[in-house]
Amino acid sequence: MLDLIILGLYYFICFLISIAVWCGPKDLHSSSTGRPEIDPDGLIFIGKEEDIKKSQRITPKINGREIVVFYHEGKFHALDSRCYRKIFACVISDIDGQACIVCPWHKFKITLETGEGLYEGINPLEPSPTPKWQSKGVKQRIYKVTIDNGNVYVSPPDFSVSFDSDYYAELYQKGGELAMGK
């Protein structure tokens with residue numbers, strides 16, 4: 001009986017820690033006015049380079065739009081924090097030589113460099129069709145990352161071009177998790 005109580009307490013503590021991590025501060029780049037800090041070049045301050053390297057990822061907000069900034073294999077990548085279907089609670093995997101995010105719910109694969117969606121398909125016209133990784137096209141909005149004097153900046157998004165991820169990013173921005181559904 002004591003084992004069950006200890007096990008239950010362990011899972012409860014893990015649950016509380018995961019909630020604290022998920023709901024923790026996300027507007028790390030905002031000034032005291034609550035607005036993003038924009039440098040003279042129009043870049044938006046995200047955080048300190050060393051802090052992001054240590055945590056491997058952060059999820060700041062830019063004008064209410066949540067993005068995710070990854071530090072992976074010596075490079076910084078920034079993209080919308082919602083995949084072109086729902087939410088990014090994801091794992092980074094190497095797929096066909098490219099660093100990709102794999103959505104745990106939909107198993108969509110999205111490249112960190114370009115925002116392309118990848119799928120494994122075959123050409124039925126081949127004599128012995130073998131699956132090969134192919135592009136669905138760019139599905140995810142990515143942001144250019146700039147490092148200057150130990151600070152990490154992203155370029156503001158260019159909304160003259162739309163991506164599939166915009167729908168879910170805007171839906172979340174308007175109503176949070178409740179608007180996302182399951």
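Note that the numbering runs from 1 along the sequence shown for the chain. Please read these numbers as outputs of a predicted model, since none were measured by experiment.
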Task: Distance-only side-chain donor-acceptor flag, Q134 / Y119, under 3.5 Å - done: yes
TODO: Determine the minimum heavy-atom distance between Y143 and P157, stating which atoms define it.
DONE: CE2-CB, 3.5 Å
Task: Side-chain donor or acceptor of S93 paired with backbone N/O of C100 under 3.5 Å - done: no
TODO: Please round to the nearest 0.5 Å and tell me the distance separating atom CZ of F76 and atom CG of L112.
DONE: 13.0 Å
TODO: For residues A99 and D94, report the shortest heavy-atom separation together with the two atoms involved.
DONE: N-OD1, 4.4 Å
- [ ] Drop me the distance from D51's CG to N151's CG, to the nearest 0.5 angstrom.
- [x] 10.0 Å
TODO: Find the distance between CG (L43) and CD1 (I147) and round it off to the nearest 0.5 Å.
DONE: 10.5 Å
Task: Derivation and outcome, side chain to side chain contact (heavy atoms under 4.5 Å, CB included), residues V152 and V145 - done: CA-CA 7 Å; V152 178; V145 178; 3.8 Å; yes
Task: Under 3.5 Å: donor-acceptor pair, side chain of S81, backbone of E66 - done: yes
TODO: Start with the C-alpha gap between F70 and I101, add the side-chain angles, then the distance that decides, and say whether side chain to side chain contact (heavy atoms under 4.5 Å, CB included) holds.
DONE: CA-CA 10 Å; F70 291 100; I101 289 177; 3.3 Å; yes
Open item on the list: Can you tell me how far apart NZ (K54) and CD (E50) are? Round to the nearest 0.5 Å.
Closed with: 6.5 Å
Open item on the list: With side chain to side chain contact (heavy atoms under 4.5 Å, CB included) as the criterion, how do E126 and K132 come out once you've worked through the C-alpha distance, each side chain's angles and the decisive distance to 0.1 Å?
Closed with: CA-CA 12 Å; E126 287 181 5; K132 295 179 183 159; 3.1 Å; yes
Open item on the list: Please determine whether residues I92 and V68 belong to a single hydrophobic cluster, defined as Ile, Leu, Val, Met, Phe, Trp and Tyr linked transitively by side-chain heavy-atom distances below 4.5 Å.
Closed with: yes
Open item on the list: Test side chain to side chain contact (heavy atoms under 4.5 Å, CB included) on L118 and K136; report intermediate values, then the result.
Closed with: CA-CA 6 Å; L118 298 180; K136 297 180 188 179; over 6 Å; no
Task: ILVMFWY network linking W133 to V102, side-chain heavy atoms under 4.5 angstrom - done: yes
- [ ] Could you tell me whether the side chains of Y168 and D80 share a donor-acceptor contact shorter than 3.5 Å?
- [x] no
Task: Minimum side-chain heavy-atom gap I44-Y153 below 4.5 Å - done: no
- [ ] Have a look at D164 and tell me which of Q140, R141, K139 forms a side-chain hydrogen bond (donor to acceptor under 3.5 Å, both in side chains) with it.
- [x] K139
Task: Side chain to side chain, I67 and T59, heavy atoms closer than 4.5 Å - done: no
Open item on the list: Test of understanding: clusters of I, L, V, M, F, W, Y form through side-chain heavy atoms closer than 4.5 Å, transitively. Do F159 and V161 belong to the same one?
Closed with: no
- [ ] Applying side chain to side chain donor-acceptor pair (under 3.5 Å), name anything that partners E49, two or more places apart in sequence or on another chain.
- [x] K53
- [ ] Using atom types as modelled and distance alone, determine if a side-chain donor or acceptor of K109 lies under 3.5 Å from a backbone N or O of K107.
- [x] yes
Task: Short side-chain donor-acceptor distance under 3.5 Å, S135 and E116 - done: yes
Task: Heavy-atom closest contact (V154 atom, A78 atom, distance) - done: CG1-CB, 3.9 Å
TODO: Give me the ring orientation class for H77 and H72: parallel if the planes are under 30° apart, tilted from 30 to 60°, perpendicular past 60°.
DONE: tilted
Task: side chain to side chain donor-acceptor pair (under 3.5 Å) partners for E120, two or more places apart - done: none
Open item on the list: Under a 4.0 Å threshold between the charged nitrogen and the carboxylate oxygen, would K144 count as salt-bridged to D158?
Closed with: no
Open item on the list: On a heavy-atom basis, which atom in P129 and which in N123 lie closest, and how many Å separate them?
Closed with: CB-O, 3.6 Å
TODO: Measure the spacing between CD1 of I122 and OG1 of T130 and express it to the nearest 0.5 Å.
DONE: 8.5 Å
TODO: Following the transitive rule for hydrophobic clusters with a side-chain heavy-atom cut-off under 4.5 Å over Ile, Leu, Val, Met, Phe, Trp and Tyr, establish whether F163 and I142 coincide in one cluster.
DONE: no
